Colleague: 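Encoded as structure tokens, here's the structure I'll be asking about.
In each ligand, atom 1 is the first atom listed, and ligand 1 is the first ligand listed. Keep in mind the model is a prediction, meaning the values are calculated, not measured. Along the sequence shown, residues are numbered consecutively beginning with 1.
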Amino acid sequence: MASLKSFASDGLTGEPVIPGDKSISHRALMLGASAVGETKIRGLLEAGDIMATAGALRLLGAEIERSEGDPPIWRVWGRGTGGLAEPSTVLDLGNAGTGARLLMGLLASHPFTSVLTGDASLRARPMKRVIDPLIRMGANFTARQGGRLPVTVNGTDQLLPGHEILQVASAQVKSAILLAGLNTNGKTTVVEPRPSRDHTELLLRHFGAEIEMIDEADGRRRITITGYPELKGAEVTVPADISSAAFPMVGALLVPGSKVMLRRVGINPLRSGLLQTLEEMGGKIEISSSQDQGGEAYADLAVEHGPLSGVTVPAGRAPSMIDEYPILAMAAACADGPTRFEGVGELRVKESDRLSAIAEGLEACGVRVEEGEDSLVIHGIGAAPKGGALVQSKLDHRIAMSFLMLGAATVEPISIDDDEPIGTSYPGFVDMMNGIGARIETGEAAS
Ligand code: S3P
């Protein structure tokens, strides 16, 4: 682990390469492993979280290979619905919450025992929200206090179809239940209070499952999967990850003289709340060449520096930009007037407690912040703050990258204590950013 220091940039310009979407990459591997025949994935994210999921799926009997090429193609030879094999050792998902939670769903409907664990961040995250509905379907779990990892899954191929009404709009919980419904006789239904990202549903359909999504008049979404589909190996093209594109995007908005082009970025409407928010703040973002692949929309985004104004981000928008609040907070710190995040309590149970990590880091950089239990107000002053702080990454890639981006705009450089978490979603981030004009330097290696 090493520290990184980000100095003021003279402008971010160019076409940075944005890695593949993390959410879609996890799902493409899992569905490939659950399908019959070969799945070919282009644009798979080659980062720690996805390699952890690939490693777990190999231990469960799937064959997964990377072939050289530009871009490389990942090939998966699956075992068919319900065909995963008992792993010979513990499945270590590292930092990957999506990997762990979605796998629990898959494993619940397989008649063997598996043990899942992860790094210190993942072992601190709540799993009860996934475990409880799967127990109601008939699986057995043993977890640490508070439903934390390591978790033992005692699955069964005799699950009862689920009917779950979720309290929180969580794509991970929804997906775990739908994946458990794959190897379960009958129809499994999940009702979400508001639609969350629908990559699982779109990809399940792409692999041949029967899945129905109905938007109800009160804003809820009802999703039903029919069990025992014959999933067939498929071709998947993964768009660039909007959650990763968000870093150069906001960096370019903040640093004078910047203009960047971000190609083939996934703009699934259930993921693109950040674009709407930045546009409301006055951000210059032009969307062009919109296309669709396997139900997933993507487009090119041209972003240019300009002044931003503070806004209120309503609670209802949170599911569509849940991972983008840390980087949005950096934009808010430079915007004119207060920016209010409402209904963001979920940020407390991400890779770190992101509300307190943002508040602590910004305050150290000279920004006034009001932290509520599930809200945050950031008082921007219409200019970049002073900076000059050492910010703790807290095992959280998005906190680390967000503060490095703020450092590109602040008067004094901003350091982060630990660069390692960045590799979970965006290996090559520092080189890519420096390639377009950032000035991020490696500091001391710490033990
Ligand atoms: C994800 C869903 C979100 C998000 C996470 C990825 C997914 O989590 O924060 O980074 O791929 O399904 P929740 O479902 O817990 O909101």
Side-chain angles (χ1 to χ4, degrees), residues 19-31 44-45 47-50 52-53 93-106 118 121-122 124-133 147 149 164 166-179 190 192-204 221 223 238-239 241-247 266 268 270-274 296 315-328 341 343-355 357-358 374 395-399 401-402 421 424-426:
D21 187 278
K22 183 148 77 73
S23 292
I24 298 175
S25 295
H26 280 298
R27 289 157 168 84
L29 287 174
M30 287 188 201
L31 293 191
L44 187 89
L45 170 64
D49 274 15
I50 301 306
T53 286
L93 277 306
N95 194 252
T98 306
R101 291 186 172 137
L102 270 57
L103 264 185
M104 281 186 203
L106 263 187
S121 156
L122 190 56
R125 297 183 67 183
M127 296 295 160
K128 211 169 137 38
R129 52 178 63 193
V130 178
I131 292 175
D132 284 351
L149 296 179
E164 289 293 329
L166 305 185
Q167 300 309 313
V168 181
S170 163
Q172 292 181 347
V173 177
K174 166 182 67 178
S175 300
I177 298 165
L178 293 176
L179 292 178
V190 186
E192 317 184 80
R194 291 193 187 95
S196 66
R197 64 188 73 189
D198 57 0
H199 306 306
T200 305
E201 296 88 313
L202 296 175
L203 217 49
L204 275 166
R221 179 175 277 193
I223 304 123
V238 181
D241 196 328
I242 189 165
S243 300
S244 299
F247 299 106
N268 179 321
L270 298 174
R271 284 289 296 285
S272 46
L274 177 72
E296 292 285 356
R317 200 178 297 161
S320 69
M321 52 174 292
I322 193 68
D323 293 333
E324 283 66 76
Y325 284 98
I327 187 63
L328 179 64
F341 299 167
V344 287
E346 273 295 294
L347 295 186
R348 295 205 180 276
V349 289
K350 295 297 177 186
E351 284 82 332
S352 69
D353 174 344
R354 285 185 174 159
L355 285 188
I358 293 169
D374 76 342
L395 295 177
D396 190 330
H397 53 134
R398 301 204 194 279
I399 293 297
M401 289 187 277
S402 296
T424 63
S425 70
Y426 205 151

Colleague: Could you please provide the protein residues found below 4.0 Å of ligand 1 on a heavy-atom basis, arranged by chain and number?
Modeller: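 Residues within 4.0 Å of ligand 1: Ser23, Arg27, Thr98, Arg101, Ser170, Ala171, Gln172, Arg197, Ile322, Asp323, Lys350.
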Colleague: Would you please test Glu324 and Arg398 for salt bridge (charged side-chain N to carboxylate O under 4.0 Å, His left out) and show each step?
Modeller: CA-CA 8 Å; Glu324 283 66 76; Arg398 301 204 194 279; 5.2 Å; no
Colleague: When you measure from the side chain of Glu192 to the backbone of Ser196, do you find a donor-acceptor pair of N or O atoms at a distance under 3.5 Å?
Modeller: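 Such a contact is found between Glu192 side chain and Ser196 backbone.
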Colleague: Is a side-chain N or O of Ser25 found less than 3.5 angstrom from the main chain of Leu45, in a donor-acceptor match?
Modeller: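 At least one qualifying donor-acceptor pair exists.
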Colleague: Going by salt bridge (Lys or Arg N to Asp or Glu O under 4.0 Å), Glu346 matches just one of Arg129, Arg354, Arg125. Which one?
Modeller: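 Of all the options given, the one that passes is Arg129.
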Colleague: Name the residue from Asp323, Asp49, Asp241 that meets the salt bridge (Lys or Arg N to Asp or Glu O under 4.0 Å) definition with Lys22.
Modeller: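 The passing option is Asp49.
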Colleague: If we ignore hydrogens and angles and just use 3.5 Å, is the side chain of Asp198 paired with the main-chain N or O of Glu201 as donor and acceptor?
Modeller: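 A pair under 3.5 Å: no.
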